[in-house]
Amino acid sequence: MSKQTRRHFLWLTVGTLTALGSVSVNAEIKRQQILALDDPKRRFKVVEKTSLKHRAFKKGRKLLYGAAVRHDQIAQDGLYAQNIVNECAILTPEWALKWHTPNKPLRPSPLEFDFSAADASLAFTQTHGLLLRGHTLVWHHSLPPWFKNTVTKQNAKGYLEQHIRAVVGRYAGKIHSWDVVNEAIEEGYLLHKGRRDGLRNTPWLELLGTNYIDYAFRLTREVDPKALLVYNDYGLDYDTYEDEAKRNAVLRLLKHLKSKGTPIDAFGMQAHLDASKHRAFKPAVLRKFLRNIADLGLKIMITELDVTDKEIPLGPERDRIVASVYEDYLNAALQEKAVISVQTWGLSDKYTWLSEFQPRNDSSQVRPLLLDTSMNRKLSWNAVARALSNMHVPTPFKHT
Ligand code: XIL
């Protein structure tokens, strides 16, 4: 090997070791920063074993606690179903009322409706005296495989009308609230030159124009005058440039809809949280956003609360950090009296969408929810229980 080659090989080795060293140093710095979120003094002590729904439904506020569920999971897992009934006052079908999902899709073909999963979900709630939400009528995900080659600008309004009249009509009077439109505002739209109004370029926007939102709400109100009508969205929780931009775009959309008389009753705050981002959570920022929404005359539903622990190192700190995120977030959110419900997106780690959507790099079981895979209550259950028990309940005005 020539002298020059040896010298190149040496520099290459030194360079690689330095790079690897800096990667592992950076990883360790990030690990320490995340573990610094832990406060070992927080015990999340709860008094009594009272269920979450009973802690929430306190006189003077009557907040609803619940979860998203899949009909097949509650049918096949009696222990899970029992915990759902025990803890929840209101349920959201995770799949059954979307246009398309892997199991018993609602819209198998352009001319067909399969209501079996949704009917099963309704029957379960009626059997156990629970409320049922509808999720979701207009979304850019979970569209059937036939949609793209079938629905055109000429027939899109007809397909949407047919869907809403059939689905909302079948359950009219039995649905607490409908997520009429889901995720219409695009996160990061300012950063990557999206539309100035922040609207996501969904198939619905492309097919029907910007009026698709108002149209969907008006038709849903006509078909089911009793249901609360909700606009539902995510990515609004943190004191970051991107979340602030999206909060402003959501507020502009809601103001616009209210100004044109769109029949919208509530905003759905999905609240899919990330434990590793908790340093960017500022209670005052969340409360200001919720207050701005309430000032539009809208109720607020926390619709899909969960806390991904994907970036949290294994160890005793993990559940404590996730629990602190739940308690800090709900302590802030529940100060807003316009908040009428809190739902987690699932109840047990055994059935969380995050196992698939936010798996851990160490391949260990994710632990984002309130019960573990054996349905035992976790610290995050305690955290939610504490926040519900401690929430502000407006004292009724006493005439002197
Ligand atoms: C998710 C479900 O949990 C998954 O099982 C499915 O594969 C994709 O959709 N925001 C929403 C929910 O409004 O409908 C999504 O649910 C999660 C993000």
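Order of listing sets the numbers, starting from 1, for every ligand and every atom in it.
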- Just by distance, do the side chain of Arg279 and the backbone of Gln33 share a donor-acceptor pair under 3.5 Å? yes
- Lys350 side chain to Met375 backbone, donor-acceptor under 3.5 Å: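 Not a single qualifying donor-acceptor pair exists.
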Under 4.0 Å, heavy atoms only, figure out whether ligand 1 is touched by the backbone of [X], its side chain, both or neither.
{"X": "Gln270", "value": "side chain"}
{"X": "Thr101", "value": "neither"}
{"X": "Trp139", "value": "side chain"}

- Taking the six-membered ring of Phe44, is the NZ or CZ of Lys378 close enough (under 6.0 Å from the centre) and on axis enough (within 45°)? no
- Query: Minimum heavy-atom separation for Leu236 to Lys246, with atom names?
  - Reply: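 Closest approach of Leu236 to Lys246, heavy atoms only: CD2-CG, 3.5 Å.
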- Item | Closest non-hydrogen atom pair, Asn361 against Lys310 | OD1-NZ, 3.5 Å
- Query: Going by heavy atoms, is Glu183 under 4.0 Å from ligand 1?
  - Reply: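 Within the 4.0 Å threshold, so yes.
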- Consider ligand 1: state whether an atom of it lies below 4.0 angstrom from any non-hydrogen atom of His141.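 The answer is no: ligand 1 sits nowhere under 4.0 Å from a heavy atom of His141.
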- Query: Do the ring centers of Phe147 and Trp204 come within less than 6.0 Å of each other?
  - Reply: yes
Which protein heavy atom lies closest to [atom], and at what distance to 0.1 Å?
{"atom": "atom 6 (C) of ligand 1", "value": "Trp95 NE1, 3.8 Å"}
{"atom": "atom 16 (O) of ligand 1", "value": "Lys98 NZ, 3.2 Å"}
{"atom": "atom 8 (C) of ligand 1", "value": "Phe357 CZ, 4.0 Å"}

- Task: Provide the number and element of each atom of ligand 1 under 4.0 Å from a heavy atom of His135.
- Result: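 In order of number, 11 (C), 12 (C), 13 (O), 14 (O).
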- Ligand-residue contact atoms, ligand 1 with Asn182, heavy atoms, under 4.0 Å: 11 (C), 13 (O)
- Query: Would you say the side chain of His278 lies within less than 4.5 Å of the side chain of Leu273, judging by non-hydrogen atoms?
  - Reply: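 Not in contact.
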- Pick whichever of Glu304, Glu94, Glu356 has a heavy atom sitting closest to atom 11 (C) of ligand 1. Glu304
- Message: Using a plain distance cutoff, I'd like to know if Trp353 has any nitrogen or oxygen under 3.5 Å from a nitrogen or oxygen of ligand 1.
- Response: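 The answer is no, given that Trp353 and ligand 1 share no N or O pair closer than 3.5 Å.
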- Using the six-membered ring wherever Trp is involved, compare the ring planes of Tyr329 and Phe281 and label them parallel, tilted or perpendicular (cut-offs 30° and 60°).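 Answer is tilted, since the angle falls between 30° and 60°.
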